[in-house]
Amino acid sequence: MAFLDEEYLLETETARELYETIRGLPILDPHSHADVAEIVANEGWDDIWEVEGATDHYVWAAMRKRGVPENRITGAASNREKWNALAGVFPELAGNPTYEWIHLDLKRRFGIEKPVSAETADEIWAETAAQLEEDSMRPQALLREMNVEVVCSTDDPTSSLDLHDRASREVDGVDVLPTWRADRAVHIDHRDWDDFIGDLDAATDDDDVSGFDGFLDALAATHDRFAEHGCRASDLSVREPVSRSVSEPRAKEIYETKRRGEALSERQVRDFKAFMLEYIGSLNVEKGWVTQLHIGPVRDYRDELFEELGSAAGGTVTTGDIEIAENLRYFLNTFDGEGEVVLYCVNPTHYPTLTTIARAFPNVSVGPAWWFNDSPVGIEGQLEYVGSVDLLANHAGMVSDSRKLLSFDSRFEMFRRSLANVVGRQVERGRVPMDVARDLVEHVAHDRPMELFGFR
């Protein structure tokens with residue numbers, strides 16, 4: 001098997017046959033960090049660093065580990081210098097999925113098969129720069145070439161969604177839909193919660209957010225606006241979920257305490273978050289949206305990175321030291337059979353909990369292997385476990401979770417090859433007949449996310 005050849009990740013002839021049935025299916029991406037402004041402007045990029053490194057904290061983290069100075073990662077160095085720095089250490093990234101994604105991008109989008117290294121850096125820079133000048137390499141053309149049917153961005157409730165208005169009019173062949181990301185509303189203990197209240201007030205002129213009722217009404221108004229723009233899901237990232245019965249008067253008291261600038265106890269913080277999770281669940285059920293919960297990241301763990309660069313800079317870690325089963329019990333029982341819930345975790349030791357929860361609740365699904373798990377090793381292990389404990393047919397499918405457009409296709413290719421490999425092994429071992437296997441991989445790769453998120 002040669003590097004990234006047609007047999008890439010496919011260990012058997014059966015896996016290769018299964019992959020052929022799904023490789024050309026349209027991409028439905030329910031969770032990404034797509035830059036909608038970039039898609040609408042459709043101006044493209046000037047160089048390969050802008051395409052592959054400028055927004056990708058996976059790349060940044062790998063470069064730091066190999067001793068590249070920050071100036072040549074996120075600092076003032078030129079894009080050419082940053083690309084050369086990445087290329088110089090790129091062979092040392094072998095085994096990490098970033099090594100495969102970038103090479104897949106180069107091969108699939110640019111037709112470049114030479115491995116990235118210090119020796120090939122200048123040649124690849126020149127080849128990609130020339131191709132990036134072509135209209136076929138602009139964002140909208142690339143989305144169509146990659147057969148992306150739906151891409152869901154991640155958007156603050158206060159977003160005007162003007163760019164999504166433009167996308168609906170100006171982007172042909174691709175549905176660019178918003179996702180209602182509620183983190184800033186829920187995390188009352190976060191440093192920018194008060195800033196969010198100001199932003200919410202400015203975004204909803206008819207609601208007075210100085211009072212709790214006005215705050216809830218304003219949030220509901222943003223929820224309505226997102227629905228009008230085709231939103232199909234909310235998203236909430238939590239280190240540790242918390243759900244329990246909390247009365248509205250109790251939540252109101254906590255809100256008013258915080259608004260007065262007084263410190264909150266840990267119990268008050270957790271009560272507010274529990275109330276808000278149930279409130280969001282109710283809004284979602286009314287709209288028929290999916291509630292997505294991303295569980296477990298310990299964000300901004302490295303102080304120096306956060307202080308210099310802010311969030312999403314590569315300083316997040318994971319921990320197994322959180323409670324999930326008991327902390328979700330109230331929420332999941334409250335919405336038993338009402339609305340779809342997708343659970344993601346950043347720590348693979350939590351798969352047994354999430355998978356057995358999904359097994360118990362027909363309206364709960366396990367999301368794809370996320371963040372530190374979105375490698376061939378992580379994807380295959382998760383699919384095997386979910387399929388053996390719950391049902392692979394109820395897996396939520398794939399999401400790119402990507403901040404760079406060119407990687408949408410590469411990430412989905414890695415997932416689909418891994419899926420074909422997992423199901424192919426089941427066929428090879430006599431566990432599943434081939435005709436059932438074909439239907440199963442097509443269902444997980446495309447039909448399941450289509451029905452789960454209600455895409456049209």
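Quantities reported herein were computed from a predicted structural model and do not represent experimental measurements.
Under the 4.0 Å criterion applied to side-chain N and carboxylate O atoms, Asp409 and Arg108 are not assigned as salt-bridge partners. Between Glu326 and Arg329 there is a salt bridge, since at least one side-chain N of the basic residue sits less than 4.0 Å from a carboxylate O of the acidic one. Checked for salt-bridge contact, Arg270 and Glu240 meet the test: a charged N lies under 4.0 Å from a carboxylate O. Salt bridge status for Arg244 with Glu278: absent, with no side-chain N to carboxylate O gap under 4.0 Å. A salt bridge links Arg267 and Asp271; the closest N-O separation between the charged side-chain nitrogens and carboxylate oxygens is under 4.0 Å. The residues Arg181 and Asp235 are annotated as salt-bridged, a charged nitrogen and a carboxylate oxygen being separated by less than 4.0 angstrom. A salt bridge links Arg417 with Glu413: the distance from a Lys NZ or Arg NE/NH1/NH2 to an Asp or Glu carboxylate oxygen falls below 4.0 Å.
Listed by first and then second residue, the ring pair (Phe, Tyr, Trp, His ring centres under 6.0 Å) pairs involving residues 388-439 amount to none (not counting sequence neighbours). Counting only residues at least two apart or on different chains, the salt bridge (charged side-chain N to carboxylate O under 4.0 Å, His left out) pairs with a member in residues 367-377 are Asp374-Arg411. Among residues at least two apart or in separate chains, salt bridge (charged side-chain N to carboxylate O under 4.0 Å, His left out) pairs with a member in residues 86-97 are Arg66-Glu92. Under the salt bridge (charged side-chain N to carboxylate O under 4.0 Å, His left out) criterion, no residue pair touches residues 341-357, with sequence neighbours excluded. The salt bridge (charged side-chain N to carboxylate O under 4.0 Å, His left out) analysis of residues 381-395, with sequence neighbours excluded, yields the pairs Glu384-Arg425.
Taking the six-membered ring for Trp and thresholds of 30 and 60 degrees, Phe455 and Phe453 have nearly parallel ring planes, at less than 30 degrees apart.
A centroid separation of 6.0 Å or more is found between the aromatic rings of His229 and Trp180.
You'll find the side chain of Leu106 stays beyond 4.5 Å of the side chain of Trp101, heavy atoms only. Side-chain atoms of Val171 and Arg166, non-hydrogen and from C-beta on, never get closer than 4.5 Å to each other. For the pair Tyr19/Arg416, a side-chain contact is recorded, criterion being any heavy-atom separation below 4.5 Å from C-beta on. Between Asp105 and Ser407, some side-chain heavy-atom pair lies under the 4.5 Å cut-off. For the pair Ile73 and Lys82, the minimum side-chain heavy-atom distance is 4.5 Å or more. Taking the side chain as every heavy atom from C-beta outward, Phe331 and Pro241 never approach each other to under 4.5 Å. In this structure, Asp46 and Leu132 have side chains that are not in contact, with every pair of non-hydrogen atoms separated by 4.5 Å or more. Using a 4.5 Å heavy-atom threshold, the side chains of Asn363 and Asp336 count as touching.
The ring pair (Phe, Tyr, Trp, His ring centres under 6.0 Å) test applied to His103 returns Phe3, Phe90, Tyr99, not counting sequence neighbours. Residues passing the side chain to side chain donor-acceptor pair (under 3.5 Å) test with Ser243: none are found, sequence neighbours excluded. For the side chain to side chain donor-acceptor pair (under 3.5 Å) test, no residue two or more places apart in sequence or in another chain qualifies with Thr55. Remark: His443 pairs with no residue by the side chain to side chain donor-acceptor pair (under 3.5 Å) rule, at least two apart or across chains. With sequence neighbours excluded, the residues forming a side chain to side chain donor-acceptor pair (under 3.5 Å) with Asp135 are Arg138, listed by chain and number. For Glu70, the salt bridge (charged side-chain N to carboxylate O under 4.0 Å, His left out) test picks out Arg64, with sequence neighbours left out.
Smallest separation of non-hydrogen atoms from Ile124 and Ile112: CG1-CG2, 4.2 Å.
The OG atom of Ser418 sits 7.0 Å away from atom OH of Tyr8, with the distance rounded to the nearest 0.5 Å.
A donor-acceptor pair is defined here as one N or O able to donate and one able to accept, closer than 3.5 Å; such a pair exists between the side chain of Trp83 and the backbone of Ala121. Remark: the backbone N or O of Glu11 is paired with a side-chain donor or acceptor of Asn421 at under 3.5 angstrom.
Asp321 CG: 12 or fewer foreign heavy atoms inside a 6.0 Å radius. Residue-environment remark: CD (Glu304) stays at or below the threshold of 12 foreign heavy atoms within 6.0 Å. A 6.0 Å sphere centred on NZ of Lys114 holds more than 12 heavy atoms belonging to other residues, nucleotides or ligands. Other residues, nucleotides and ligands contribute more than 12 heavy atoms inside 6.0 Å of the CZ atom of Arg299. Heavy-atom neighbours of Arg429 CZ from other residues, nucleotides or ligands within 6.0 Å: at or below the threshold of 12.
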Using the rule given for ring pair (Phe, Tyr, Trp, His ring centres under 6.0 Å), can you reason through Tyr344 versus Trp371, listing the C-alpha separation, both sets of side-chain angles and the distance that settles it, and then say yes or no?
CA-CA 10 Å; Tyr344 305 77; Trp371 206 334; over 10 Å; no
Does the side-chain contact (heavy atoms from CB on, under 4.5 Å) test come out yes or no for Tyr279 and Leu283, once each step is laid out?
CA-CA 6 Å; Tyr279 180 71; Leu283 293 177; 3.6 Å; yes
One pair to check against ring pair (Phe, Tyr, Trp, His ring centres under 6.0 Å): His294 and Trp370. What are the steps and the verdict?
CA-CA 9 Å; His294 284 79; Trp370 173 51; 4.5 Å; yes
Start with the C-alpha gap between Phe110 and Leu406, add the side-chain angles, then the distance that decides, and say whether side-chain contact (heavy atoms from CB on, under 4.5 Å) holds.
CA-CA 10 Å; Phe110 296 96; Leu406 254 71; 3.5 Å; yes
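Exactly one of Thr291, Ile295, Asp183 qualifies for a side-chain contact (heavy atoms from CB on, under 4.5 Å) with Leu236. That residue is Asp183.
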In residues 21-41, what donor-acceptor pairs under 3.5 Å come from side-chain atoms, sequence neighbours left out?
unit_1, atom_1, unit_2, atom_2, d
Thr21, OG1, Leu18, O, 2.6
Arg23, NH1, Glu6, OE1, 3.0
Arg23, NH1, Glu20, OE2, 2.7
Arg23, NH2, Glu6, OE1, 3.3
Asp29, OD1, His31, N, 3.4
Asp29, OD1, Ser400, N, 2.9
Asp29, OD2, Ser400, OG, 2.5
His31, NE2, Asp401, OD1, 3.0
Ser32, OG, Ala34, N, 3.1
Ser32, OG, Cys152, O, 2.9
His33, NE2, Asp401, OD1, 3.2
Asp35, OD1, Ala37, N, 3.1
Asp35, OD1, Glu38, N, 3.1
Glu38, OE2, Trp45, NE1, 2.9

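Side-chain atoms of Ser365 and Asn394 form no donor-acceptor pair, as typed in the model, at a separation below 3.5 Å.
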